[in-house]
Enquirer: 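Dropping a structure here in structure tokens format, bear with me for questions.
This is a predicted model, so every value here is computed, not measured.
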There are 2 protein chains.
Amino acid sequence: MATRTRRTDALSREVIVDAATRILDDEGEDALTLRALTVRLSTGYGALYHHVANKGDLLAAATDEVLARAMTGVAAAAEPRDTLRATALSLFDAITAHPWIGAQLAREPWRPALLAIYESVGEQLEALGVGEAALVDSAGALVNYILGVAGQNAANARIQAADGSSLAAGAEQWAQLDPLRYPRLHRAAARLGDHDDRQQFVAGVDLFLAGIEAVHGRDAAGR
Amino acid sequence: MATRTRRTDALSREVIVDAATRILDDEGEDALTLRALTVRLSTGYGALYHHVANKGDLLAAATDEVLARAMTGVAAAAEPRDTLRATALSLFDAITAHPWIGAQLAREPWRPALLAIYESVGEQLEALGVGEAALVDSAGALVNYILGVAGQNAANARIQAADGSSLAAGAEQWAQLDPLRYPRLHRAAARLGDHDDRQQFVAGVDLFLAGIEAVHGRDAAGR
DNA sequence: ACCTGAACACCGTTCAAGT
DNA sequence: ACCTGAACACCGTTCAAGT
């Protein structure tokens with residue numbers, strides 16, 4: 001009997017979005033089909049379409065959910081710089097844990113959760129002394145960096161998981177690149193061994209912050 | 001008779017990839033089906049699969065083609081900084097002209113054209129004085145910024161084209177945001193009128209270069 | 001080797017019918 | 001209002017058969 005309780009629960013948009021997220025996480029993007037959802041929730045197609053407009057709507061809602069949760073988990077630090085780092089890392093970790101989000105970000109770039117991210121990053125940059133005229137550019141660049149790199153990283157991880165290869169295998173592939181055509185990539189392969197993606201990600205955030213400070217910051221020349 | 005000449009040409013991977021690119025550009029991502037390709041090339045499914053492994057392979061090849069062409073079109077400038085700007089803009093324009101590339105970048109991040117981009121960006125950063133230890137991080141961050149922002153931008157343009165709205169309509173939407181929840185976005189809406197996406201994109205590249213120079217550059221403190 | 005096109009398994013979505 | 005599930009149009013891919 002316990003195995004049938006689901007049927008008696010009222011179906012809701014939230015229940016459907018959660019089930020979709022679990023399928024995406026556990027079995028990958030291709031495993032999320034409307035059919036799989038009807039089985040998981042022991043319901044019919046019409047029931048799903050009663051709460052959700054279509055599959056795109058479902059994917060967008062799931063993405064929103066994950067990003068919103070990642071943002072609420074960020075604790076404000078004393079220094080805006082640290083809050084920004086924490087925000088970036090929280091988003092990085094969320095996208096790493098739910099790699100299907102990467103493809104989704106390229107499709108629906110203006111959902112509510114994205115607005116909250118822009119607003120929060122803008123707030124911290126303002127606290128860093130970035131003036132209003134430069135705020136849109138700076139926040140846009142930083143948010144795009146965060147989501148872009150996190151998405152790329154998740155895509156890499158997904159591919160490595162799919163073909164069973166590892167980071168070491170990736171480095172070996174780089175090492176086999178033609179040294180004449182790709183001299184720098186070839187040399188960089190030697191460094192990939194002691195390479196931490198998460199750390200490189202934060203290093204990029206810091207590069208950005210250094211640039212913002214140099215160009216738009218409180219102490220920048222000409223201000 | 002002239003209308004049937006295609007049939008007598010030998011089919012090749014290149015011809016198929018070009019036809020796919022044209023369908024993607026002219027009619028959008030959803031319009032590219034294997035069926036549409038057989039009609040366009042007046043051939044059968046087996047002929048296509050003889051030259052191409054599957055649809056994913058086809059999309060990846062088309063992406064590679066466009067990115068590779070964008071890179072060969074970049075003229076080396078006297079200053080590495082200018083070469084980097086030209087590279088970034090060439091990629092931005094290519095992705096804007098072929099917006100379906102955005103979704104593809106999230107899926108197959110390590111194709112040959114991407115390697116060439118990393119190598120080229122790495123070369124310019126090296127010329128700017130970035131040391132070998134910092135080269136991977138810096139190039140990774142910058143390339144990800146370029147592709148990420150260009151992709152987001154193309155996605156926005158695609159959505160605006162799809163629903164017939166304009167940038168002004170987007171700004172109006174921002175202006176209607178709850179000023180209490182999104183104060184900065186609400187205020188920024190007023191600035192969106194005289195907003196040039198391409199210009200904001202270059203501004204982001206410059207922020208990055210300023211940061212790289214400050215942290216890793218030839219004249220950075222402690223070097 | 002290169003190509004044809006019917007056939008297969010599967011997909012998202014709809015909708016008349018039920019409660 | 002909420003749900004069921006057969007049916008529809010369409011997709012990527014395969015493959016026996018042709019040249």
Enquirer: Given side chains that start at C-beta, do those of B:Leu11 and B:His51 come closer than 4.5 Å, heavy atoms only?
Expert: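 Result yes, sub-4.5 Å side-chain heavy-atom pair found.
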Enquirer: Round to the nearest Å and state the distance from A:Leu41 atom CG to D:dG5 atom P.
Expert: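 From A:Leu41 CG to D:dG5 P: 14 Å.
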Enquirer: Checking all strands, does A:Leu32 fall into the base, sugar-phosphate, or nothing category for heavy-atom contacts under 4.0 angstrom?
Expert: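 The answer is sugar-phosphate, as A:Leu32 gets under 4.0 Å only of primed atoms, P, OP1 or OP2.
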Enquirer: Can you establish whether the number of heavy atoms outside B:Asp178 located under 6.0 Å from its atom CG is more than 12?
Expert: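 It does: B:Asp178 CG has more than 12 such atoms within range.
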Enquirer: For B:Thr63 versus B:Gln104, what's the shortest heavy-atom pair and its separation?
Expert: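 Taking every non-hydrogen atom into account, OG1-CG, 3.0 Å.
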Enquirer: To the nearest angstrom, how far is B:Ile16 atom CD1 from C:dC3 atom C1'?
Expert: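 Rounded to the whole Å, the gap is 11 Å.
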Enquirer: Provide the closest heavy-atom pair for A:Ala70 versus A:Ala94 in the form atom of the first, atom of the second, distance.
Expert: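 Heavy atoms only, the tightest pair is CB-CB, 3.7 Å.
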Enquirer: Of A:Leu84, A:Leu207, A:Leu125, which is the lone residue that meets side chain to side chain contact (heavy atoms under 4.5 Å, CB included) with A:Ile212?
Expert: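 Testing each of A:Leu84, A:Leu207, A:Leu125 against A:Ile212, the sole residue satisfying side chain to side chain contact (heavy atoms under 4.5 Å, CB included) is A:Leu125.
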Enquirer: Side chain of B:His50 only, heavy atoms from C-beta on: which candidate in D:dC2, D:dC3, C:dA1 is closest?
Expert: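 The answer is C:dA1, which lies nearest to the side chain.
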Enquirer: Check the pair A:Arg198, A:Asp93 against side-chain contact (heavy atoms from CB on, under 4.5 Å), reporting the backbone distance first and the verdict last.
Expert: CA-CA 9 Å; A:Arg198 206 165 175 273; A:Asp93 291 339; 2.7 Å; yes
Enquirer: A:Leu11 has an atom CG; how far is it from atom C1' of D:dT4, in whole Å?
Expert: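 These atoms are roughly 12 Å apart.
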Enquirer: Which atom pair, heavy atoms only, marks the closest approach of A:Ala62 to A:Val17?
Expert: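 Closest pair (atom of A:Ala62, atom of A:Val17, distance): CA-CG1, 3.7 Å.
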Enquirer: For DNA chain C, what dot-bracket results from Watson-Crick or G-U pairs at under 3.5 Å, with [ ] for crossers and | for inter-strand partners?
Expert: ||.|||||...|||||.||
Enquirer: When the distance from CD of A:Glu29 to P of C:dC10 is rounded to whole Å, what number comes out?
Expert: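 One finds 20 Å between P of C:dC10 and CD of A:Glu29, rounded.
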Enquirer: Could you state the atom-to-atom distance from CG of B:Leu59 to P of D:dG12 in whole Å?
Expert: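 Computing the B:Leu59:CG to D:dG12:P distance gives 10 Å.
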Enquirer: Find out whether B:Asp18 and B:Val15 are in side-chain contact, i.e. whether some heavy atom of one side chain is under 4.5 Å from a heavy atom of the other.
Expert: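 A side-chain contact under 4.5 Å is absent here.
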Enquirer: Less than 4.5 Å apart, any side-chain heavy atom of A:Ile95 and any of A:Leu105?
Expert: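 SC-SC contact between A:Ile95 and A:Leu105 confirmed.
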Enquirer: Return the value, rounded to whole Å, for the distance between atom CG of A:Leu58 and atom C1' of C:dG12.
Expert: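 Interatomic distance, CG of A:Leu58 to C1' of C:dG12: 12 Å.
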Enquirer: Walk along nucleotides 13-19 of chain C from 5' to 3' and tag each nucleotide B, S or - by protein heavy-atom contact under 4.0 Å, base first, then sugar-phosphate.
Expert: BBB----
